Amino acid sequence: MADELIESILNESRSFAPPKDFIDQANIDEEKVNNLKKQAKENHIQYWATLAKDQLEWFQPFKNILDESKAPNYEWFNDGVINASYNSLDVNASKSPNKTAIIFETEDGKSEHITYKELLSKTSQFANGLKKLGVEPMDRVVIYMPMCPEAVIAMQACARIGAIHSVVFGGFSSNALKDRIEDAKSKIVITADGAYRGGNIIPLKQATDEAVSQSSYKVENVVVFQRTGEKIEFNEKRDVWWRDLVSNCDSNCDPEPLNAEHPLFILYTSGSTGKPKGIQHSTAGYILHAKTTFSWVFDIKNDDVFWCTADVGWITGHTYVAYGPLLAGATILIYEGAPTFPDVGRFWDICEKHAVTIFYTAPTAIRALMKHGDEIPQSYDLSSLRLLGTVGEPINPEAWMWYHRIIGQERCPIVDTWWQTETGGAMISPLPGITETKPGSCTTPMPGIDVDIVDELGEPVGEANQGGYLVIKKPWPSMLRTIWGDNQRYIDTYWEKFDGRYYVAGDSAYRDEDGCHWIMGRIDDVLNVSGHRLGTMEVESALVANEMVAEAAVVGRPHEVKGESIFAFVVTKGERPIGEDAKKMQEALREWVAEQVGAIAKPDEIRFSDNLPKTRSGKIMRRLLRVIARDEAITQDISTLEDESIIKQLQGED
Ligand code: WT7
């Protein structure tokens, strides 16, 4: 496609209708979706009840649908009894025992297929192992694993026995792991001896040892899956090898009958304070939305090979790796390693090798791979692909067009799915056989999801192209239930702004003339770095925890590949470092933040000044810092600034 054409698309914001052959075979057609939307509009509660009955297997059916008595702690189906692992594994292992559930591709290029029957028996065996360690319903279990089938097995095993899993991304540091162990009071940690990443080994067990030894909450056992065979420290009293744990365990384990509202998992995500929030999800409501959105948005068919590149350490890896696809009986691909190993063609190589049909990734990955040109993907056979997806941040139209043209070869619809850790599953997204897509827009809400854009007073903006707060006006089954251990923070963060009337997502957005939604970004002090949410305060607290640092302010700056990069302004305790000293200290602080939080939180740039710009009342002028970080001209009034002379230092000119 010629450059002029792309240009015109961007200018005219052209839309792309689904290809005719896609429409003809799509799971949901226009009539069906209109029908669903009509039902949801006429009777929101009944709509969800019908879906929950049709889509899930209940041990005991529910009579209550939505319980608003403790709003905004809404409950769904709360007299029903169910099990998430039963719905994922037993149901599908009895329907199609020999169907492949997981294709596992290792970083060094080997692969393995696991059927539903095998996945059920491995999960049951491990669930029995956890029971042997004394794990009971409601106990928290931290999972700190590489991307491999055992990570999914560990999650499903927890679900099976009613333990609450808290997966911690393997890229987080031992310190971040420790905080999460303490906050959730987890008596078990499941980890591996190491994780392969980009040809290196990440020492997960070592990080676990550090976290556990520093944790104020006593971890009773560490279960270690052997992935790399590297030599590790082994504490005989506390540690147990995964294989030893399961060796005498039965491969049948009755799924625990659990209340629909039983917490399925906690997943920590960043907010506007330094302390991550443990987002708590329920069982029935969560799996209902995971299953239905998976089937609708990804148009899943029996012979599809679905690949979501997200790690299970993020919500995307929960909903569209560990739960949604398995609930729908689909075949998923799990890739262990880095997208650039051994070279930047690896993703496309995997698509070709395993004939992937549906590919779901983040805009940052698309931009990173796009940088290496068209020839690399073009040298692979990508003809198996039929549908593409993106998630995590707004996708810029240029990257969308490249994805469409070079990866989808103009044949595959693109679903740009807007959602959050808190929403549990996709909320605004095209339905690929129906929705006309526009590069950069996540288009329209899912049936049953009541989205609006409101002004400062909570009034709908009404008009097209008018920006405002993105809110959800009615409760939905897969909404978060609370913040683990801090219900007040749940209320304050998501409900207080509009007096409990709506769920406030924390994004600003607008709707265009065609009813398509465009996400403009976060309205709080939250950054989106490579599709991962990171609080500016989290990075600031890490910086000030360093003995050399007196004060720090962190802002985001637009970045070509990462979406946003991290820019830190730091005041040191002694003299302001300059020249070589400044360079050394920058490096030391970057490493420090990586140790405190994880490599994703490393500031891309650090600038030292004698002071931070503050108003006379002592407030840090963040807007000014954002302007400076972007190298833009300062147009705002700085007369209220306490000390104008530091501007040059902040601009890096002094
Ligand atoms: C925030 C949620 C949902 C899983 C991955 C991130 C941004 C997410 C989109 C999208 C524009 C998006 C929002 C949201 N976001 N998807 N398709 N278009 N922005 O989950 O870490 O909970 O972050 O990511 O700002 O609030 P998360």
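This one's a predicted model, so the numbers in the text were calculated from it and none came from an experiment. One-based numbering, in listed order, for ligands and for the atoms of each. All residue numbers refer to positions in the sequence shown, counting from 1.
- Side-chain N/O atoms of Asn175 and Glu595 include no donor and acceptor closer than 3.5 Å.
- Here the heavy atom of the protein found nearest to atom 16 (N) of ligand 1 is Gly392 N, 3.1 Å.
- Numbered from 1 in the order shown, with element, the atoms of ligand 1 that lie under 4.0 Å from a heavy atom of Val391 read 3 (C), 4 (C), 5 (C).
- The closest side-chain donor-acceptor pair between Thr309 and Thr361 falls under 3.5 angstrom.
- Under the 4.5 Å side-chain criterion, counting only non-hydrogen atoms from C-beta, Arg522 is in contact with Asp507.
- The protein heavy atom nearest to atom 11 (C) of ligand 1 is Pro394 N, 3.1 Å.
- For ligand 1, the atoms lying closer than 4.0 Å to a non-hydrogen atom of Asn528 are 7 (C), 24 (O).
- For the pair Gln420 and ligand 1, the shortest N or O to N or O distance falls below 3.5 Å.
- At a heavy-atom distance under 4.0 Å, no atom of Thr423 approaches ligand 1.
- Polar contact check, Gly531 against ligand 1: no nitrogen or oxygen pair lies under 3.5 Å apart.
- Listed by number with element, the atoms of ligand 1 under 4.0 Å from a non-hydrogen atom of Ile519 are 11 (C), 19 (N).
- Inter-residue side-chain proximity for Ser173 and Gln596 is flagged as unmet; no heavy-atom pair is nearer than 4.5 Å.
- A salt bridge links Glu393 and Arg367; the closest N-O separation between the charged side-chain nitrogens and carboxylate oxygens is under 4.0 Å.
- Between His165 and His318, the two ring planes are tilted [angle within 30° to 60°].
- Here Arg386 pairs with Asp299 in a salt bridge; the nearest charged N to carboxylate O distance falls below 4.0 Å.
- Counting heavy atoms closer than 4.0 Å to ligand 1, residue Thr421 contributes atoms from both its backbone and its side chain.
- Of the heavy atoms in His532, none comes closer than 4.0 Å to ligand 1.
- Nearest non-hydrogen protein atom to atom 23 (O) of ligand 1 is Arg533 NE, 3.5 Å.
- Listed by atom number, the atoms of ligand 1 under 4.0 Å from Asp416 heavy atoms are 10 (C), 17 (N), 18 (N).
- In terms of protein heavy atoms, atom 2 (C) of ligand 1 is closest to Trp419 O, 3.7 Å.
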Kindly determine whether Tyr268 and Trp314 satisfy ring pair (Phe, Tyr, Trp, His ring centres under 6.0 Å), including the steps that lead there. CA-CA 9 Å; Tyr268 286 84; Trp314 310 108; over 10 Å; no
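- Shortest contact from atom 13 (C) of ligand 1 to any protein heavy atom: Asp507 OD2, 2.9 Å.
- Considering backbone and side-chain N/O atoms, Thr417 comes within less than 3.5 Å of an N/O atom of ligand 1.
- Using a 3.5 Å distance cut-off with no hydrogens or angles, the side chains of Asp183 and Trp484 do not pair a donor with an acceptor.
- Polar contact with ligand 1: absent for Thr316 (N/O pair, distance under 3.5 Å).
- Taking the six-membered ring for Trp and thresholds of 30 and 60 degrees, His281 and Phe265 have ring planes inclined between 30 and 60 degrees apart.
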